[in-house]
Number of protein chains: 2
Amino acid sequence: MQIGELAKRSGLSAHTIRYYERIGLLPYADRDAGGRRDYDEAILVWIAFLDRLKTTGMPIREMLQYAKLRAAGDHTGPARRRILEAHRDRVRAHVRDLQASLLVLDTKIDTYVETEKRTHSHDDTEHSFDEQQTRARPARP
Amino acid sequence: MQIGELAKRSGLSAHTIRYYERIGLLPYADRDAGGRRDYDEAILVWIAFLDRLKTTGMPIREMLQYAKLRAAGDHTGPARRRILEAHRDRVRAHVRDLQASLLVLDTKIDTYVETEKRTHSHDDTEHSFDEQQTRARPARP
DNA sequence: CCTTGACTTAGAGCGCGCTCAAACCCCTAG
DNA sequence: CTAGGGGTTTGAGCGCGCTCTAAGTCAAGG
């Protein structure tokens with residue numbers, strides 16, 4: 001499989017794949033006779049895992065650490081586990097944060113909905129900076 | 001309240017507060033006799049809300065849209081509501097994503113833990129690129 | 001043979017969200 | 001009177017994670 005197909009199948013762009021290889025997130029790929037990268041299906045599994053780390057907000061420099069530990073041999077298992085555990089904890093905390101924020105959003109949206117129900121437009125939730133300079137309610141004609 | 005205290009109380013740096021004012025996220029603050037920004041407590045509420053939007057991943061340019069609608073008057077309530085609803089939906093989707101990823105992380109961590117239980121270090125989860133070049137297990141001395 | 005198009009490299013550029021620097025002003029305490 | 005510590009402005013710089021450009025190579029199809 002060459003880079004174009006891997007791009008399609010992995011969802012990364014070919015540019016990004018090369019970039020990842022350069023920085024060490026992806027292995028230096030074998031080249032074919034013409035000097036082109038030739039990938040094995042197996043790489044897809046690794047990329048999928050990287051994607052998980054990425055979507056959960058792990059910075060590249062930390063993925064790199066993980067990748068290097070892996071490359072360093074089986075004995076680094078515990079260190080890798082600790083990285084993942086720390087990351088998991090951060091993700092959990094982030095999820096809690098997001099859920100709290102969702103409640104706030106829901107509440108805020110509700111106040112907008114209530115206001116709209118009362119037909120005439122009027123917003124009495126907490127004050128934003130423009131409150132002073134807000135021209136008097138434009139009293140729909 | 002001048003900018004230093006607001007910085008302390010809001011958690012933003014004074015630099016960031018000025019930057020937010022420049023780009024329009026925060027109102028142009030009143031200046032005191034000496035030309036310094038003089039804030040009212042009320043600003044804290046708005047900053048707290050911006051923080052919610054920020055921690056839930058709303059890009060600044062969208063917060064700006066929201067801020068401008070608010071400044072445009074009460075009649076923009078429905079538009080603001082729609083922005084928040086769209087954002088809420090994205091956040092919900094993201095939370096689901098994160099939760100799915102947490103399961104993956106937990107599973108992966110478990111395999112590390114299991115491996116460690118078996119005392120000798122050995123990792124047989126899916127293969128990373130270094131598998132070929134991995135030196136034979138360094139057989140703890 | 002020639003074109004097409006997918007690939008190669010090194011390196012520059014970009015969008016985001018700050019973050020800091022330089023040069024200056026003003027107030028207060030010692 | 002002076003030193004210090006807050007503030008002001010404009011504009012440059014930075015870290016991140018890509019993303020793209022330029023110039024070149026190669027293999028297959030017409």
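Just the heavy atoms: all of them, side chains too, but no hydrogens, waters or symmetry mates, feed the values below. Below, read A as the first sequence line, B as the second, and so on, with proteins coming before strands; counting in each chain starts at 1.
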One should read off an interatomic distance between A/Asp40 CG and A/Met1 CE, to the nearest 0.5 angstrom, of 7.0 Å

ask   = When you check the phosphate oxygens OP1 and OP2 of D/dC16, does a side-chain N or O of A/Arg61 lie under 4.0 Å from one of them?
value = yes

note: B/Ile3, atom CD1; D/dG6, atom P; distance rounded to Å ~ 13 Å

By side chain to side chain donor-acceptor pair (under 3.5 Å), A/Tyr66 pairs with (sequence neighbours left out) B/Tyr112

The residue, A/Ile60 or B/Ala14, whose nearest nucleotide of DNA chain D is more 5′ is B/Ala14

Decide yes or no for B/Ile17 and B/Tyr39: does some side-chain heavy atom of the first lie under 4.5 Å from some side-chain heavy atom of the second?
-> yes

Taken to the nearest whole Å, CD/B/Glu21 to P/D/dT10 is 10 Å

Checklist entry - For the side chain of B/Arg37 and the base of D/dG7, is some donor closer than 3.5 Å to an acceptor across the two? => result no

Could you check whether A/Arg18 gets within reach of a base, just the sugar-phosphate, or nothing at all, counting any heavy atom under 4.0 Å? base

Atom CD1 of A/Ile23 and atom C1' of D/dG15 are separated, to the nearest Å, by 13 Å

On DNA chain D, more 5' by nearest nucleotide between A/Arg36 and A/Pro59 is A/Pro59

Here the distance between atom P of C/dG5 and atom NZ of A/Lys8, to the nearest Å, is 13 Å

ask   = According to a strict under-4.0 Å criterion, is B/Tyr20 in side-chain N/O contact with OP1 or OP2 of C/dG17?
value = no

Below 4.5 Å, heavy atoms only, C-beta onward: do B/Pro78 and A/Glu116 meet side chain to side chain? yes

Separation of C/dT19 atom P from B/Leu12 atom CG, nearest Å, is 10 Å

Separation of C/dC16 atom P from B/Leu25 atom CG, nearest Å, is 13 Å

Can you tell whether the side chains of A/Glu5 and A/Lys8 come within less than 4.0 Å, N to carboxylate O? no

Assert: residue with more 5' nearest nucleotide on DNA chain C, out of A/His15 and B/Ser13, is A/His15

Whole-Å distance, A/Lys54 NZ to D/dC18 C1', equals 9 Å

task: Looking at every strand, decide which applies to B/Arg31 at a 4.0 Å heavy-atom threshold: base, sugar-phosphate, or nothing.
output: sugar-phosphate

B/Tyr19 OH to C/dG15 P, in whole Å, measures 14 Å

